[in-house]
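Whatever order the structure lists them in is the order used to number ligands and atoms, beginning at 1.
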Amino acid sequence: MLTAVILVGGEGTRLRPLTTHTPKPLLPLVDRPLLTYTFEHLARYGVGRAVLSCGYLPTQIEAHFGGSHGGMEVEYRVEDSPLGTAGGIRYGAEGRIDGTFLGINGDSLRMADIGALLDFHRAKGALATLLLTPVEDPTRFGLVRLAADGRVVAFLEKPRPEEIDTNLINAGLYVLEPEVLDLVEPGRPVSIERDVFPRIVEQGRLYGLALPGYWLDVGTPESYLQAHRDVLERQLDTVVGELLGDDFLFVDPTARVAAGAHVVPPAFIAAGAIVEAGARIGSRAVIAAGARIGADCVVEDAVIGAGATLGRAVQVHAALVGEGAVVGDGCSIRALAVVGPGARLGEGNMLAAGVRLGADVELAPRSLAF
Ligand code: GTP
């Protein structure tokens, strides 16, 4: 049975305050946790078991997924202290694997042919094989330089423009032989990217393969919002995409959308949500379960978390409102601003330019115009 060790131990600091109470793998992406999409991907390619290498808020993750998910066995290993990406894979894999396995960063979204990656790995006799993905702007990433046969010859971290001769980056999914674990010193933090892969390059046994498909690293509010757009626009195959269907619109039968509200696809309105008259939802909007959108609000290119409440005439553009937040009348939330879960904004506040309001914070009426 093919096993995937999935790293889910990080604190998700770049996504605070959304990750203050919720580990990143459980952050909702449209209507289900981010990690569910990785499970969907793995199940599609016959992975039978996932071992989650946990650290931050592990009990929530285990309580959510339990012992199996979508036909896949799910096991949990919880680190006492962060062991890094290689340490986390070793800790998750120890005693559980007896052959080729997968190592995965649990916070990326991807759709690529894992079977083709395994075939390539075996044909090359590799010790480890990286799934690679091309990027439009190679100056922003660490790059992977390949020989003509797919062998990794170098990692280019922060390359100077004249050094850039590739646009391929590590997509955070690896085929690994158990011997890789011997290269990871136990009991201290070890990075697979910085400490382990360079040693396998020296042995000439690290390979990389770029496959067509989708890839996005969900690490920041900007990329988290982008992930929502991509699922809503069906840029990758997902169960949510099937719910959205050909008209790119899902309104749960238990949601109540007033006559005189406008819903512009793509949009997803989840169970029990309420949208009052004169509101405009979309395009590219998610109204999560039980959220309430007041009259004359505009929610465009934005996500309103479960149970959150928007008063009258609130404007939310390209922004995220966390679970259970309460936003007063006439507030404006724009430009990658984030309202933390449980936060309360008095009326007339304006948040923009990436402002983040912490979890459970209260803001008096008209106190912020940024
Ligand atoms: P930031 O704090 O925002 O950088 O997020 P992060 O640490 O959650 O993510 P990062 O991109 O640094 O890590 C990539 C993946 O590895 C994520 O899925 C993390 O959950 C996971 N990860 C990072 N460090 C560890 C670790 O020490 N142990 C384990 N088990 N997983 C880790």
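Other residues, nucleotides and ligands contribute more than 12 heavy atoms inside 6.0 Å of the CG atom of Asp247. Enclosure of atom CZ in Arg96 by more than 12 non-hydrogen atoms of other residues, nucleotides or ligands within 6.0 angstrom is indicated. Counted within 6.0 Å of CD on Glu162, heavy atoms from surrounding residues, nucleotides or ligands total more than 12; the atom is thus considered enclosed.
Set against the non-hydrogen atoms of Gly106, the atoms of ligand 1 under 4.0 Å away are 18 (O). Residue-ligand proximity, Glu79 to ligand 1, at heavy-atom distances under 4.0 Å covers atoms 26 (C), 27 (O), 28 (N), 29 (C), 30 (N). Interface atoms of ligand 1 facing Leu83, defined by a heavy-atom separation under 4.0 Å, are 27 (O).
Looking at Gly10, Pro189, Gly87, it is Gly10 that brings a heavy atom closest to atom 24 (N) of ligand 1.
Not a single N or O atom of Gly88, backbone or side chain, sits closer than 3.5 Å to an N or O atom of ligand 1. By the 3.5 Å distance cut-off applied to N or O atoms, Pro82 is not counted among the residues near ligand 1. Every N/O-N/O distance between Thr85 and ligand 1 stays at or above 3.5 Å. Residue Gly84 has at least one N or O atom closer than 3.5 Å to an N or O atom of ligand 1.
Interatomic distance, CZ of Arg292 versus CD1 of Ile274, reported as 4.0 Å (0.5 Å rounding).
Ring centroids of Tyr224 and His228 are separated by less than 6.0 Å, placing the two rings close together.
For atom 2 (O) of ligand 1, the closest non-hydrogen atom on the protein side is Thr13 OG1, 2.5 Å. What sits closest to atom 31 (N) of ligand 1 on the protein, heavy atoms only, is Gly9 N, 3.0 Å. Protein heavy atom nearest atom 4 (O) of ligand 1, with residue, atom name and distance: Arg14 NE, 3.1 Å. Protein heavy atom nearest atom 13 (O) of ligand 1, with residue, atom name and distance: Asp107 OD2, 4.2 Å. Here the protein heavy atom with the shortest distance to atom 16 (O) of ligand 1 is Leu7 CB, 3.6 Å.
Between the side chains of Arg14 and Thr220, no donor-acceptor pair of N or O atoms lies under 3.5 Å. At a cut-off of 3.5 Å, with distance as the only test, no side-chain donor of Thr22 or Gln60 sits close to an acceptor on the other residue.
Heavy-atom separations between Gly12 and ligand 1 include at least one value shorter than 4.0 Å.
Of the possible polar contacts, none joining the Tyr37 side chain to the Val231 backbone as a donor-acceptor pair under 3.5 Å is found.
Just one residue in the list Leu363, Ile333, Thr309, Leu351 forms a side chain to side chain contact (heavy atoms under 4.5 Å, CB included) with Val327, and that residue is Ile333.
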